[in-house]
Undergrad: 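My structure is below; once you've seen it, I'll send some questions.
Protein chains get the first letters and strands the later ones, always in sequence-line order, with residue 1 at the start of each. What you see is a predicted model, and the numbers here were worked out from it, not measured in a lab.
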Number of protein chains: 2
Amino acid sequence: MTAHSHPQLTKNQSMVFGSLSEAGGPLTAYAILDELRDDGFRAPLQVYRALDKLVEYGMVHRLESLNAFVACSHKGCSGHGTAAFAICDKCGDVREFMPDEVVQSLKAWTESNGFALSRTTIELRGICKNCRKVA
Amino acid sequence: MTAHSHPQLTKNQSMVFGSLSEAGGPLTAYAILDELRDDGFRAPLQVYRALDKLVEYGMVHRLESLNAFVACSHKGCSGHGTAAFAICDKCGDVREFMPDEVVQSLKAWTESNGFALSRTTIELRGICKNCRKVA
DNA sequence: GTATTGACGTAATAATATTACGTCGTAAGC
DNA sequence: GCTTACGACGTAATATTATTACGTCAATAC
C-alpha cells in the first residue's frame, strides 16, 4: 500500500464510510449506528471500531468539538497532511481546508520546543458565508 | 469590567477555578466534581455551570480533544485572544501558547471565505521534550 | 496442525453532558 | 414598600458518547 492508496476495507468499514460519504457532513457514531441498523449493525462498538480504522487510514476525520466524524473531502481521501475545519454553527456545514502556512507555523513551534507532534486538531466555529447572507 | 479584569466570581465559580488552578493541569468536569464533594458539590451541573462562565470569562479553556478543562496560564487570565495547546500524551502536561502567526493565517482564511469566526480550537497531541529525554 | 492475529458480535458499563423543574437572593422599576 | 425580573443555585433524572470484557471465527505463519 502506497501513501495514496487505500487499504482494502472490511464490510463494516465500507458501510461506515459509505454512510459518512452519503451524509456529506458530520455524523456522530450513534447517528451512524442508527443509519446502519437495517444493515445489521447492533452495537456502538461496531461503529467505533470501523471509525478507528478509517481515521487511521486518513479517510475520515474526527471533529473534536462536535464529537462527530466526517468523510475526508479529498478525492483520494488518503495520506494527506493536517486538515482544518470551519464548522457553521447555524447550518452545520463543515468545510475542510489545508492551511499550509498554519501547519508550517505550528510545526516550527513544535520543533523549537522539542515537541514530537503526532496529531493536530484545528477547528473553527462560526457562521458560514451562506448563513450570513440569509440572516 | 474592562477587557483585563475579572468579573466577581460566585462561590461555585471560585471553587471550580481554584480546583483547576491548584491542579496545574487539565481536569475533567467529573474530576472537579470529585475534588469539590467535600465542599458541598453534589451534581455535575454545578461544575458545568461554573465552567461555562469561567470559559466565557476567558479564565478557563476547554480542551476538546480531552474533554477536559484547564486554567488559563496567563496571569490576568482574561480577555486574551486565541490560544493553542500542546498536549503530551505521555505525562499529560499541557502547554498553552499564542501562535499569532497561526491565528493571523486562519483569520485570513475566514475573511476570504466569508466565515464569521466565533471560536478557534487548536490542539497538538504528541510527546513533550521532557518525556522524550526520559524515553 | 496449531499458534497468532485481526476483525467481528454482544453485553455491560463507564464517562461526559444536558434537560427539567423548583428555590432563593438581589437589584430594578413602579 | 411591593413586586417583577433575573441570575445563580440545588437536585433529580436522563441523554449522549465511549470503552471494557469476553467469546467466536477466518486467515495466515510457523
Side-chain angles (χ1 to χ4, degrees), chain A residues 1 6-20 23 25-57 59-70 87 89 92 94 119 121 123 125, chain B residues 1 6-20 23 25-57 59-70 87 89 92 94 119 121 123 125:
Chain A
M1 165 191 171
H6 298 161
Q8 181 63 33
L9 298 183
T10 68
K11 186 153 162 282
N12 284 3
Q13 289 160 15
S14 293
M15 288 197 288
V16 168
F17 185 67
S19 180
L20 274 175
L27 293 177
T28 66
Y30 280 78
I32 295 169
L33 176 57
D34 286 341
E35 290 259 308
L36 295 178
R37 277 193 202 282
D38 292 345
D39 300 303
F41 274 56
R42 314 297 313 272
L45 192 49
Q46 295 175 291
V47 176
Y48 281 110
R49 286 204 273 229
L51 286 171
D52 281 351
K53 287 298 181 184
L54 293 168
V55 168
E56 181 187 324
Y57 301 153
M59 300 172 64
V60 164
H61 301 291
R62 179 186 174 98
L63 299 174
E64 300 285 359
S65 68
L66 293 179
N67 292 324
F69 300 84
V70 68
I87 300 165
D89 289 325
V94 173
R119 195 155 64 75
T121 298
E123 297 177 21
R125 302 291 292 265
Chain B
M1 164 191 172
H6 299 159
Q8 181 64 31
L9 298 183
T10 68
K11 187 153 163 279
N12 284 3
Q13 288 159 17
S14 293
M15 288 196 288
V16 168
F17 185 67
S19 181
L20 275 174
L27 293 178
T28 66
Y30 280 79
I32 295 169
L33 175 57
D34 285 342
E35 291 258 310
L36 295 178
R37 276 193 201 282
D38 292 345
D39 300 302
F41 274 56
R42 314 298 312 272
L45 191 49
Q46 295 174 292
V47 177
Y48 282 110
R49 286 204 271 228
L51 286 170
D52 281 350
K53 286 299 180 183
L54 293 167
V55 168
E56 181 188 324
Y57 300 153
M59 299 172 64
V60 164
H61 301 291
R62 179 187 175 100
L63 299 173
E64 300 285 358
S65 69
L66 293 178
N67 291 324
F69 301 84
V70 68
I87 300 165
D89 289 326
V94 172
R119 196 156 64 76
T121 298
E123 296 177 20
R125 303 292 292 265

Undergrad: Hey, what bend do you get for the helix from C:dG1-D:dC30 to C:dC30-D:dG1 if you fit axes on five pairs at each end, rounded to 10°?
TA: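 Inter-axis angle at the ends, rounded: 20°.
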Undergrad: To the nearest Å, give me how far apart CG (B:L27) and P (C:dA15) are.
TA: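 Distance, rounded to whole Å: 15 Å.
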Undergrad: Decide side-chain contact (heavy atoms from CB on, under 4.5 Å) for A:T121 and A:H61; before the verdict, give the C-alpha distance in whole Å, the side-chain angles of both, and the deciding distance to 0.1 Å.
TA: CA-CA 10 Å; A:T121 298; A:H61 301 291; over 6 Å; no
Undergrad: Side-chain contact test, heavy atoms from C-beta onward, threshold under 4.5 Å: evaluate it for B:L66 versus B:R125 and give yes or no.
TA: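 A side-chain contact exists here, since the closest heavy-atom pair is under 4.5 Å.
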Undergrad: When you measure from the side-chain N and O atoms of A:T10 to the phosphate of C:dC8, is any distance below 4.0 Å, counting only OP1 and OP2?
TA: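 True: A:T10 side-chain N/O within range (under 4.0 Å) of C:dC8 OP1/OP2.
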Undergrad: Can a donor-acceptor pair be found, under 3.5 Å and without considering hydrogens, that links the side chain of B:R49 to the backbone of B:N12?
TA: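 No, the answer is negative, given that no donor and acceptor are paired below the 3.5 Å cut-off.
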Undergrad: Between the side chains of A:D34 and A:R37, is the shortest nitrogen-to-carboxylate-oxygen separation below 4.0 Å, so that they form an ion pair?
TA: yes
Undergrad: How many whole angstroms separate atom CD1 of A:I32 from atom C1' of D:dT16?
TA: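 The answer, rounded to whole Å, is 14 Å.
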Undergrad: Quick one: does A:Y30 reach the base of D:dA15 with a side-chain donor-acceptor pair under 3.5 Å?
TA: no
Undergrad: Under 4.0 Å: is that the gap between some side-chain N or O of A:K53 and OP1 or OP2 of C:dA7?
TA: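 A:K53 to C:dA7 OP1/OP2: side-chain N or O found under 4.0 Å.
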Undergrad: Counting just side-chain N and O atoms, does B:N67 come under 4.0 Å of either OP1 or OP2 of C:dA17?
TA: yes
Undergrad: Rounded to whole angstrom units, what separation is found between the CG atom of A:D52 and the C1' atom of D:dT20?
TA: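 Whole-Å distance recorded here is 14 Å.
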Undergrad: So which atom in A:L54 and which in A:Q13 form the shortest heavy-atom distance, rounded to 0.1 Å?
TA: CD1-O, 3.7 Å
Undergrad: Check each residue of residues 39-51 of chain A for a non-hydrogen atom within less than 4.0 Å of any atom in DNA chain D, then write out the ones that pass by number, or none.
TA: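 Of all residues in residues 39-51 of chain A, the ones placing a heavy atom under 4.0 Å from DNA chain D are A:L45, A:Y48.
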Undergrad: Write down the distance between CZ (B:F69) and P (C:dT16), rounded to a whole number of angstrom.
TA: 10 Å
Undergrad: Assess whether atom CD of B:E56 is packed by more than 12 heavy atoms of other residues, nucleotides or ligands within 6.0 Å.
TA: yes
Undergrad: Respond yes when some side-chain nitrogen or oxygen of A:T28 is under 4.0 Å from OP1 or OP2 of D:dT16, and no when none is.
TA: no
Undergrad: Under 3.5 Å, side chain of B:E123 to main-chain N/O of B:E64, donor-acceptor pair present?
TA: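 The answer is yes, because a donor-acceptor pair under 3.5 Å joins these two groups.
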Undergrad: What is the distance, rounded to the nearest whole Å, between atom CD of A:Q13 and atom P of C:dG6?
TA: 13 Å
Undergrad: Taking CG from B:L9 and C1' from D:dG7, how many angstroms apart are they, rounded to a whole number?
TA: 15 Å
Undergrad: Could you work out which one of D:dA8, C:dA17, D:dA18 sits closest to the side chain of A:R62?
TA: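 For the A:R62 side chain, the nearest candidate turns out to be D:dA18.
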Undergrad: Can you tell me how far P of C:dT10 sits from CZ of A:R37, to the nearest Å?
TA: 12 Å
Undergrad: Might you work through the side-chain contact (heavy atoms from CB on, under 4.5 Å) test for B:T28 and B:N67, ending with a clear yes or no?
TA: CA-CA 6 Å; B:T28 66; B:N67 291 324; 5.8 Å; no
Undergrad: When the distance from CZ of A:F17 to C1' of C:dA7 is rounded to whole Å, what number comes out?
TA: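 Taking atom C1' of C:dA7 as the reference, CZ of A:F17 is at 19 Å.
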Undergrad: So which atom in B:F41 and which in B:L33 form the shortest heavy-atom distance, rounded to 0.1 Å?
TA: CB-CD1, 3.9 Å
